[in-house]
Amino acid sequence: MNTTTTSSYSSNKIHPLKLTLWVGIGSIIMMFASLTSAFVVRRAAGNWYEFKLPDLFFINTLVLLLSSITLQMSYKAFKRSAAVPYRRWMVATFILGWLFVLLQYQGWMLMTAAGATFTINPSSSFIYLISGVHAAHVLGGIVALVVAMVFAFRLPVKPTPRRLMRFELVLQYWHFVDILWIYLIIFFALYL
Amino acid sequence: MTHTVNAVETLEEKLTEELGLNDHFHDHHHGDKFQSNFLTHYVFSTDHKMISRQFLITGIFWAFIGAAMSVIFRLQLGFPEADMAWLRPLLGKWIMVNEAGIGKLDPEFYYALVTMHGTIIVFFVLTAGLSGTFSNLLIPLQIGARDMASPLLNAMSYWFFFLAGVIMFLSLFLSTGPFSGGWTAYPPLSALPQAADGSGTGMTLWIAGMAMFIVSSLLGGINYITTVLNMRTKGMSLWRMPMTIWAFFVTAILGVLSFPVLFSGVLLLMFDRSMGTSFYLSEIVVGGQVLDRIGGSPVLYQHLFWFLGHPEVYIIILPAMGIVSEVLSVNARKPIFGYRAMVFSILAIGFLSFIVWAHHMFMSGVNPFISNFFVVFTLIIAVPSAVKVFNWISTIYGSNFRFNSPSLFAIGFVSMFISGGLTGIFLGNSAIDIQLHDTYFVVAHFHIVMGVAAFFGMFAGVYHWFPKMFGRFMNETLGKIHFWGTMIGAYAIFWPMHYTGMAGVPRRYYDMGASFDAFKHFTDLNKFITVAAIVVFFLQIVFIINFFYSIFSGKKVTVKNPWGATTLEWTTPIEAGHGNWPGNIPAVQRWAYDYGKDGEEFIPQYVPLKAGEKDHGH
């Protein structure tokens, strides 16, 4: 048996589903990169209404940030099989996720009330559209979170490799939409 | 249930048993999971081999429709005076019959035909049909995997494609016709429902269909990347992968990075159409009414579209390049010349494809200084392309070449790629593009380099891997008739278009002879092109008949490895079940191109290196 060839095979590769998630995240990044660069290109072309972004969007960033921390807490609790904090932090994340979406909606209402309506100028149209597409990705995360909650409440709390991996998928996606929003809010603050 | 090993008969089985990767595939009972009924076996299958066949047959369906459309509008272009009333049973009210009984093709529908021909061939046939078929078939089989990383996502990829097809097909039957503003769907024609007949419901369905299509491409692409990176068998390092896998891998990366950008572009378009925003629309007068939209830029759409659109042409051509490399090497009985150079040129083409998109927009009013940047990078693509052509020719040079249907189509691909690639050097220059933009020169260029060439790659793949897909051979005589007819016919169609294009005949016009005195002398040439197009169309029907006849009644494959190839797909049973290999997965010991080495005709990848033998893959 030829040892040089068999030793080149390693089994410690990344889990296929995790890699799938990362590649998928790569394509989501491309989507937001294209939307924000369209924003920059369109802004440079002139005829661009400037307005102040409601403070609520900045405050809301903290809500999403907090939800990332709570989900991380839940994950840590799950790893040491602590059922109560595992479930409690997960429910907290679920509530914070919904709170974020509702506050985003409130932010859009504030923009409309201030005259920066959806159709008045591409500047405001872009804000609604980009933050709306982001909110859709948060809602997707909430769907994944619901599945995780069903697992948390219906299955015995046993951190098997398979269940840890599944939790990590949700966790990484959730952190991703969080970081994505931080990028977007900084982008809006700098470029609007 | 324990798997009982049959008596070890061949070297291959012995080596797989001894050295292969035992993933305990048969240690546990699979039960009903794979004991499928008709519906789960042929329709809602998650087996990559079945999904590959689904993609191929759906692709053939769309290719037939797309080609038939081109025949109809070629009839209009070649014989504008002819009576088309006989097409009424098929096209209904789109043939306008006057009092004298002479039928004419409705100009609106002509535009719809041109638009749908482009959309169907580019996306449904050469993206989904080509990548979907061969990535699905070959990635797991050639890297030694039981199936894709996520068989479920894979099946969903097909069904989203199917749904996209259903939506696009329905749009053909609207009373206002399908979308008619060109396959690129530039605003304002695509953004204003009142702009043209096809811009209403036709465009809505076009957008919905394309959105489904993008989802399908992303699900497929994500899966291909993960499978290649993650599911390779023991010993299958990246540098031992066949050229096909490299090509499919880079294709998938291009798709995953560029389709989301098209999605953004289409999303903004949807909002402009139905929510009253003005991303792409500005002060426009439609039918005497001034639109209330202000400040949009249609060029923004072009940027977003071509950021996908240019990688898209490589999404189409790279899989064909991979297939051709493999088919040429197997039939030349020689290793692919310059394997590493081939891989690096694919990577270079993939990278460059992202920074050349504005060469489609030289005449759209982009800054000429920015154009210079895009001219330079566009012309640099000629370098890796030339490396590939040189290596293909060197691969077959001095070889004892087997001329059969797949290898002939592979040579045809190289010929088409050279002819079409050379005209690309003309078009890549922004100054020459002032004359040639939107003329038949462009039509000739992209039909030869990406249309015909990619079809040739696809045909080479179908003829070559048909024994693997269906356990039978296709008819060789019909295959050769198909090749020679298509090869000569395709040049007969597209070569003359260079001349009409240089003379300035614009593309997409309903009528180019009768209304323009300047182009009257091309009337006979146009007739010639149309006749050639009809002949080539009927030759493709020969292929379709050959294909379906051979599925049921072709010559049966009796040996596992009929072409004498080195790659792993030929180590599976002739009719491979779910999981591909009944026992262990063979371990890979060497690169994929050991042909004519050490006096042996070919050495398969599972054969261990002899003492002192050097592997080319490391």
Side-chain angles (χ1 to χ4, degrees), chain A residues 1-49 116-130 132-134 136-137 169, chain B residues 18-19 21 148-150 153 218-219 221-223 225-227 229-237 240 252-253 255-265 267-268 271-272 275-280 282 292-297 299-301 303-304 307-308 587-590 608-609 615 618:
Chain A
M1 188 167 166
N2 191 312
T3 47
T4 54
T5 48
T6 45
S7 62
S8 66
Y9 174 79
S10 61
S11 55
N12 57 353
K13 291 175 180 168
I14 316 154
H15 192 281
L17 287 181
K18 212 174 260 182
L19 188 60
T20 305
L21 175 72
W22 293 351
V23 178
I25 284 175
S27 74
I28 298 173
I29 288 173
M30 281 307 289
M31 184 181 179
F32 281 92
S34 62
L35 285 172
T36 48
S37 55
F39 185 102
V40 173
V41 169
R42 177 60 197 78
R43 185 179 192 272
N47 193 347
W48 185 263
Y49 289 8
T117 59
F118 190 64
T119 55
I120 194 159
N121 188 267
S123 65
S124 55
S125 303
F126 264 118
I127 302 285
Y128 286 103
L129 184 95
I130 296 174
V133 174
H134 174 264
H137 283 80
L169 290 177
Chain B
E18 279 174 12
L19 307 176
L21 174 66
M148 286 285 176
S150 171
L153 284 188
L218 289 174
L219 292 176
I222 289 170
N223 223 339
I225 294 172
T226 313
T227 309
L229 288 179
N230 228 315
M231 311 282 282
R232 301 190 307 278
T233 183
K234 191 158 77 175
M236 179 62 94
S237 62
R240 283 174 172 173
I253 293 175
V256 163
L257 294 180
S258 65
F259 270 110
V261 179
L262 177 67
F263 192 80
S264 302
L267 192 66
L268 300 184
F271 279 90
D272 269 9
M275 308 287 270
T277 55
S278 24
F279 293 111
Y280 304 137
S282 65
D292 60 346
R293 317 290 183 84
I294 43 157
S297 157
V299 178
L300 177 61
Y301 175 85
H303 279 296
L304 291 172
F307 192 86
L308 156 92
V588 168
Q589 313 284 357
R590 55 178 71 236
L609 297 167
D615 177 27
H618 277 274

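Convention: sequence-line order gives letters A, B, ...; per-chain numbering from 1.
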Legend entry - Side-chain heavy atoms of A/Met31 within contact of B/Leu267, under 4.5 Å: yes
Inset, instruction - Mind checking the CG-CE spacing from A/Leu129 to B/Met275? Nearest 0.5 Å is all I need. - result: 9.5 Å
Inset, instruction - Select one option (side chain, backbone, both, neither) describing which atoms of A/Ala38 are under 4.5 Å from chain B's heavy atoms. - result: both
Legend entry - Heavy-atom closest pair, residues A/Ser34 and B/Pro260: OG-O, 4.4 Å
Inset, instruction - Please confirm whether the backbone N or O of A/Pro16 pairs with a side-chain atom of B/Thr226, one donor and one acceptor, at under 3.5 Å? - result: no
Inset, instruction - First locate atom OG1 of A/Thr20, then atom CE of B/Met148, and finally report the distance between them rounded to the nearest 0.5 Å. - result: 11.0 Å
Inset, instruction - Rounded to the nearest 0.5 Å, what's the gap from CG on B/Leu219 to OG on A/Ser27? Could you check? - result: 9.0 Å
Legend entry - CD1-OG distance between A/Ile130 and B/Ser264, expressed to the nearest 0.5 angstrom: 9.0 Å
Inset, instruction - Please look at B/Leu257 and chain A and tell me whether the side chain, the backbone, both or neither of the residue comes under 4.5 angstrom of a heavy atom of that chain. - result: both
Legend entry - A/Arg42 to B/Leu300 - nearest heavy-atom pair and separation: CB-CD2, 4.1 Å
Inset, instruction - Examine whether an atom of B/Phe259 lies under 4.5 Å from a heavy atom of chain A, and if so say whether it belongs to the side chain, the backbone or both; otherwise answer neither. - result: neither
Legend entry - ring pair (Phe, Tyr, Trp, His ring centres under 6.0 Å) partners of B/Phe263, counting only residues at least two apart: none
Legend entry - 4.5 Å side-chain heavy-atom contact, B/Phe271 and A/Phe118: yes
Legend entry - B/Asp292: partners by side-chain contact (heavy atoms from CB on, under 4.5 Å), with sequence neighbours left out: none
Legend entry - Rounded distance [0.5 Å steps], OG in B/Ser297 versus CG in A/Asn47: 11.0 Å
Legend entry - A/Phe39 portion near chain B, given a 4.5 angstrom heavy-atom threshold: neither
Inset, instruction - Could you look at B/Leu268 and say if it's the side chain, the backbone, both or neither that has a heavy atom under 4.5 Å from chain A? - result: side chain
Inset, instruction - Measure distances from B/Leu262 to the heavy atoms of chain A and classify the residue's part below 4.5 Å as side chain, backbone, both or neither. - result: neither
Legend entry - Residue part contacting chain A, namely of B/Leu304, when any heavy atom lies under 4.5 Å: side chain
Legend entry - Heavy-atom proximity to chain B below 4.5 Å, by part of A/Phe126: both
Legend entry - Residue, of A/Pro122, A/Ser124, A/Ser37, that accumulates the most heavy atom pairs under 4.5 Å with chain B: A/Pro122
Inset, instruction - List the atom of B/Phe279, the atom of A/Ser125, and the distance in Å for their closest heavy-atom pair. - result: CZ-CB, 3.4 Å
